[in-house]
Participant: 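Here it is, the structure in full.
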Amino acid sequence: MIEILDTTLRDGEQTNGVSFSVHEKRSIARLLINELNVDRIEIASARVSDGEFEAVRGISEWAAQKGCLDRLEVLGFVDNGVSLQWIRDAGCRVVNMLCKGSLKHVTGQLKKTPEQHIRDITGQVRLAREMDIDVNIYLEDWSGGMQDSPDYVFQLVDSLKSLPVRRFMLPDTLGILNPEKIYRYCRDMVERYPELHFDIHAHNDYGLAVANVYAAVRAGIKGVHVTVNGLGERAGNASLSSVVSVIHDQLQEKTNIRENKINHVSKSVEMYSGIRIAPNQPVIGENVFTQCAGVHADGDSKNNLYCNALIPERFGRTREYALGKTSGNANIRKNLEALGIELDEESMRKVTQRVIELGDKKEIVTQEDLPYIISDVLRYDMHENKIRILNYSLSLAQGLKPVATLKIEIDGTAYENTSTGDGQYDAFVRALRKIYKTLDRPFPMLTNYAVSIPPGGRTDAFVQTIITWRHEGVEFKTRGLDADQIEAAIKATVKMLNKIEN
């Protein structure tokens, strides 16, 4: 069983621009423990601020009531007991004590010898136990220490291993290691100290955090540090969602994490942090369970040929099939199945052609757009038109009336005219009326104009324009669908002309 520590509320809050309120910290802590079932959560750094103190106290009171106070941890420092007093007053009972894991940090930052630093740590650990506070130790810059001063690292652990320290935490503080080095260094620690519990704390500066966690667990490390959505200083930490998936699938190890809650917690932290999840971020990104290519949807219909172990339902999600210029019949059928719609082959051909045409204008055609497209296509066959728009130009300038120039084909003959109007569509209709007047053809009266978009209110949604006309005492409606409202209205108008013509 691999133990998971989530440090979203401590290291994750060191993300540039992220500062959780007291209420948000409490909410995230509850999500991590109640929903995700994270083994341990690092909720703060000691001595940061009064607000941090109130947050830790509030979370500790809640955890004490729920019987999980031992799952809360606070980063503390070797500071003659000041951090320990802060942690105890806030109601927490576990300190993650920050010590120096490399000789450079001891001599360059603390200006001390290894022996002096070890003496200080020893005194702090004993004081913590006297205060009934459990101790884990962070070996800050352990990765640098293993590269530049491994003898110091071993000297430090040799001196501390007999103390009441529950875990030794091995941070790649600057994100400098790769999987080969992580495996070698972690193996050195595990083989030298088989009786100790080690955690790995990976940073993502080279994009290797998850891979480094994989290597560390292979080497025998039993604890892993993560953050929700990969939040953290600089390039962030190892992402909880990816790490858990890798541990379960690639390493065949177990954790206590409830996978089906990952997506909900990720979205909640996205909202609280203000840091958007990248659409292509594994497991939690918006696009990662969306098939775009038609051949993939076809394969999924034939014994799930394009599916892997990352089944979206594991993470509280569903697979989607994108609609656009790369769509085929299979993508569209998958979406129609979800909507409970059946179409014959000829209708499918027409709908597919229309989806591809619209996909050239818009990055994504959503499932919500599909009923609009079907209605648009099946009510009106573009290939039967006797009247076609060949070209049109619309102009809009501040202080000037909109102008429309159009070229239209009627029974194989082209006609052109220009007009101004109170709006671009009005200018278009006026130019069209001029053409019809010169041909002595009747032109219907527009009696109602309505615009609607699919649910969701997106600014890039398709626009359906429904225009009601009156012609020779008969009232009827035509619809136009496009990413642009004016073009949708123009399409509805051309449908009207052909309806009269036919």
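Because the structure is predicted, anything quoted here is derived from the model rather than measured. Along the sequence shown, the residues carry numbers beginning at 1.
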Participant: One pair to check against side chain to side chain contact (heavy atoms under 4.5 Å, CB included): I262 and L240. What are the steps and the verdict?
Facilitator: CA-CA 8 Å; I262 285 176; L240 180 147; 4.1 Å; yes

Participant: Does the side chain of Q85 come under 3.5 Å of the side chain of D89 through a donor N or O and an acceptor N or O?
Facilitator: yes

Participant: What pairs with V18 under side chain to side chain contact (heavy atoms under 4.5 Å, CB included), at least two apart in sequence or on another chain?
Facilitator: E13, T15, F20, S273, I275

Participant: Can you confirm whether or not the ring centre of H225 sits under 6.0 Å from the ring centre of Y138?
Facilitator: yes

Participant: Out of I221, I200, L170, L208, which residue meets the side-chain contact (heavy atoms from CB on, under 4.5 Å) rule with I182?
Facilitator: I200

Participant: Going through the checks in order, is the salt bridge (charged side-chain N to carboxylate O under 4.0 Å, His left out) test met by D132 and R88?
Facilitator: CA-CA 9 Å; D132 197 28; R88 190 170 75 167; over 6 Å; no

Participant: Any cation-pi pair here, R192 with F154, using under 6.0 Å and within 45°?
Facilitator: yes

Participant: For a side chain to side chain donor-acceptor pair (under 3.5 Å) check, start with the C-alpha distance between S83 and D79, then their side-chain angles and the critical distance, and finish with the verdict.
Facilitator: CA-CA 7 Å; S83 292; D79 54 7; 2.5 Å; yes

Participant: Taking atom types as modelled, find out whether H203 and E233 have a side-chain donor-acceptor pair closer than 3.5 angstrom.
Facilitator: no

Participant: Taking only Lys NZ, Arg NE, NH1 and NH2, and the carboxylate oxygens of Asp or Glu, determine whether D199 and K222 approach each other closer than 4.0 Å.
Facilitator: no

Participant: Ignoring hydrogens and angles, tell me if any N or O in the side chain of D172 forms a donor-acceptor pair with the backbone of S143 under 3.5 Å.
Facilitator: no

Participant: Work out which heavy atom in Q124 is nearest to a heavy atom in N80; give both atom names and the distance.
Facilitator: OE1-N, 3.5 Å

Participant: Side-chain contact test, heavy atoms from C-beta onward, threshold under 4.5 Å: evaluate it for L156 versus I121 and give yes or no.
Facilitator: yes

Participant: Give the intermediate values and the outcome of side chain to side chain contact (heavy atoms under 4.5 Å, CB included) for residues D249 and R314.
Facilitator: CA-CA 12 Å; D249 295 355; R314 282 174 54 184; 2.8 Å; yes

Participant: With the threshold set at 4.0 Å, does a side-chain nitrogen-carboxylate oxygen contact exist between E140 and K100?
Facilitator: yes

Participant: Got V94 and I133 here, is their nearest side-chain heavy-atom distance under 4.5 Å?
Facilitator: no

Participant: With a 3.5 Å cut-off and no angle check, do the side chains of H248 and E259 form a donor-acceptor pair?
Facilitator: yes

Participant: Can we say R47 and E52 salt-bridge, meaning some charged N sits less than 4.0 Å from an Asp/Glu carboxylate O?
Facilitator: no

Participant: Who passes salt bridge (charged side-chain N to carboxylate O under 4.0 Å, His left out) against K66, sequence neighbours left out?
Facilitator: none

Participant: Check the pair R71, I41 against side chain to side chain contact (heavy atoms under 4.5 Å, CB included), reporting the backbone distance first and the verdict last.
Facilitator: CA-CA 6 Å; R71 294 165 71 177; I41 61 173; 5.7 Å; no

Participant: Do NZ/NE/NH1/NH2 and the carboxylate oxygens of R276 and E270 come within less than 4.0 Å?
Facilitator: yes

Participant: Provide the full list of ring-ring contact (aromatic ring centres under 6.0 Å, His included) pairs with a residue in residues 61-113, sequence neighbours left out, each pair given once.
Facilitator: F53-W86

Participant: Given side chains that start at C-beta, do those of Y272 and S27 come closer than 4.5 Å, heavy atoms only?
Facilitator: yes

Participant: Evaluate the criterion salt bridge (charged side-chain N to carboxylate O under 4.0 Å, His left out) for residue pair R40 and D70; output intermediate values, then yes/no.
Facilitator: CA-CA 8 Å; R40 302 147 51 203; D70 60 334; over 6 Å; no

Participant: Is any side-chain heavy atom of I87 closer than 4.5 Å to one of R93?
Facilitator: no

Participant: Go through I137 and L160 one step at a time and tell me if the side chain to side chain contact (heavy atoms under 4.5 Å, CB included) criterion holds.
Facilitator: CA-CA 9 Å; I137 285 184; L160 302 178; 3.8 Å; yes

Participant: Centroid separation under 6.0 Å, is that true for the rings of F168 and H197?
Facilitator: no

Participant: Side-chain donor-acceptor pair under 3.5 Å between S102 and D141, yes or no?
Facilitator: yes

